[in-house]
Amino acid sequence: MSGKTSPFLERLDAVAAETESLLDRLLTAAPVRGELARPARLIEAMRYASLGGGKRFRPFLVVESANLFGVPRSNALMAGGALECIHCYSLAHDDLPAMDNDELRRGQPTAHRKFDEATAILAGDGLLTFAFDVLSREETHPEAAVRVELVGALSRAAGVGGMAGGQMLDLAAEGRFGSIRHGANEVRLLQAMKTGALLRFACEAGGILGRASVAEREALTRYGAAVGEAFQIADDLLDIEGDPALVGKSTGKDSAAGKATFASVLGIAGAKKRLSELIAEAENALAPFGPAGATLVEGAHFVAERQA
Ligand code: IPE
Ligand code: IPE
Ligand code: MG
Ligand code: MG
Ligand code: MG
């Protein structure tokens with residue numbers, strides 16, 4: 001995936017490869033206990049939307065935050081895989097004609113272009129539900145209380161008060177439902193919800209799996225919130241300045257759609273300044289972990305510097 005390599009990129013690529021093979025193993029054509037059948041077109045579309053691409057940065061955050069507490073990697077990968085299912089569903093729906101109307105995702109035709117709109121909607125529904133199936137399994141954690149905590153936290157991060165709510169605010173900010181005034185505070189909330197919430201959950205999941213102390217969890221939440229906000233600012237800057245061949249999706253679409261972004265309210269320089277403040281904030285949040293937090297510190301820098 002990455003052109004040049006480094007110990008950090010090797011760690012990221014390792015999580016990506018392990019997430020790929022886990023999702024490949026879980027998203028089988030054959031039904032599992034309690035299911036009646038897996039319609040071929042639907043499981044094929046779910047696999048299309050979730051396999052064969054993506055940085056897998058959210059699973060990486062789960063694995064590396066869980067690593068701080070010595071959580072078995074197989075448990076962290078299950079939680080990361082569940083989160084990636086939610087993320088991939090959000091992308092399949094985000095790309096639909098009724099939403100961002102995009103044709104390219106991860107360098108390939110979007111799910112509704114490859115299949116059809118109804119199938120892409122159902123593939124999203126299937127992945128969303130599948131995430132909670134994965135979290136509920138003993139393979140994710142031997143203790144039921146830990147699994148329930150993960151389910152609760154991911155529900156809140158993905159739903160009306162998190163990602164789905166943020167997508168609503170994102171569409172409203174285009175002015176589709178009536179003209180709306182938005183400044184930096186409104187953009188911050190919108191982005192913290194549509195993108196930040198899932199990234200924050202990724203970091204919190206490590207603390208939940210590792211039964212971390214309140215102070216440790218607070219540090220991870222602070223880090224996750226900063227990285228989450230930074231991630232969307234970087235995405236918005238890539239939409240303006242990125243190389244479409246590297247980004248793997250069409251660029252220049254946000255301003256054409258009238259999206260509210262930090263770049264649209266603060267300008268490119270303002271958005272870059274905010275991005276570097278957030279990376280510093282993320283780094284500070286990890287101070288309590290000392291050298292053990294080094295990979296997550298590098299993760300924050302990766303968010304700001306990524307080309308894709
Ligand atoms: C893109 O997410 C959508 C946003 C929330 C900004 P990623 O940049 O993580 O996309 P993939 O998973 O690597 O393709
Ligand atoms: C997506 O934001 C956030 C999601 C919840 C999917 P964007 O609409 O900017 O993501 P891209 O640029 O299409 O990947
Ligand atoms: Mg969008
Ligand atoms: Mg989009
Ligand atoms: Mg974007």
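Counting starts at 1 for both ligands and their atoms, in listed order. Heavy atoms only: backbone and side chains are in, while hydrogens, waters and symmetry mates are out. Remember, it's a predicted structure, so these values are computed and weren't measured experimentally.
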Of the N, O or S atoms in Asp100, the one nearest the Mg ion (ligand 3): OD2

Ring-face cation contact, Phe231 with Arg306, 6.0 Å cut, 45° max: yes

Under 4.0 Å from ligand 1 - residues by heavy atom, chain and number: Gly54, Lys55, Arg58, His87, Leu91, Arg106, Thr195, Phe231, Gln232, Asp235, Lys249, Arg306

Below 4.5 Å, heavy atoms only, C-beta onward: do Arg38 and Glu35 meet side chain to side chain? yes

CZ (Arg73) with more than 12 external heavy atoms under 6.0 Å: yes

Check whether any side-chain heavy atom of Ile121 sits under 4.5 Å from a side-chain heavy atom of Tyr89, and report yes or no. no

So, are Lys259 and Asp239 salt-bridged, with charged N and O less than 4.0 Å apart? no

Salt bridge or not between Asp13 and Arg56? Use side-chain N to carboxylate O under 4.0 Å. no

Can you confirm whether Lys253 is buried at NZ, in the sense that more than 12 heavy atoms of other residues, nucleotides or ligands lie under 6.0 Å from that atom? yes

The Mg ion (ligand 3) to Asp94: nearest N/O/S atom name: OD1

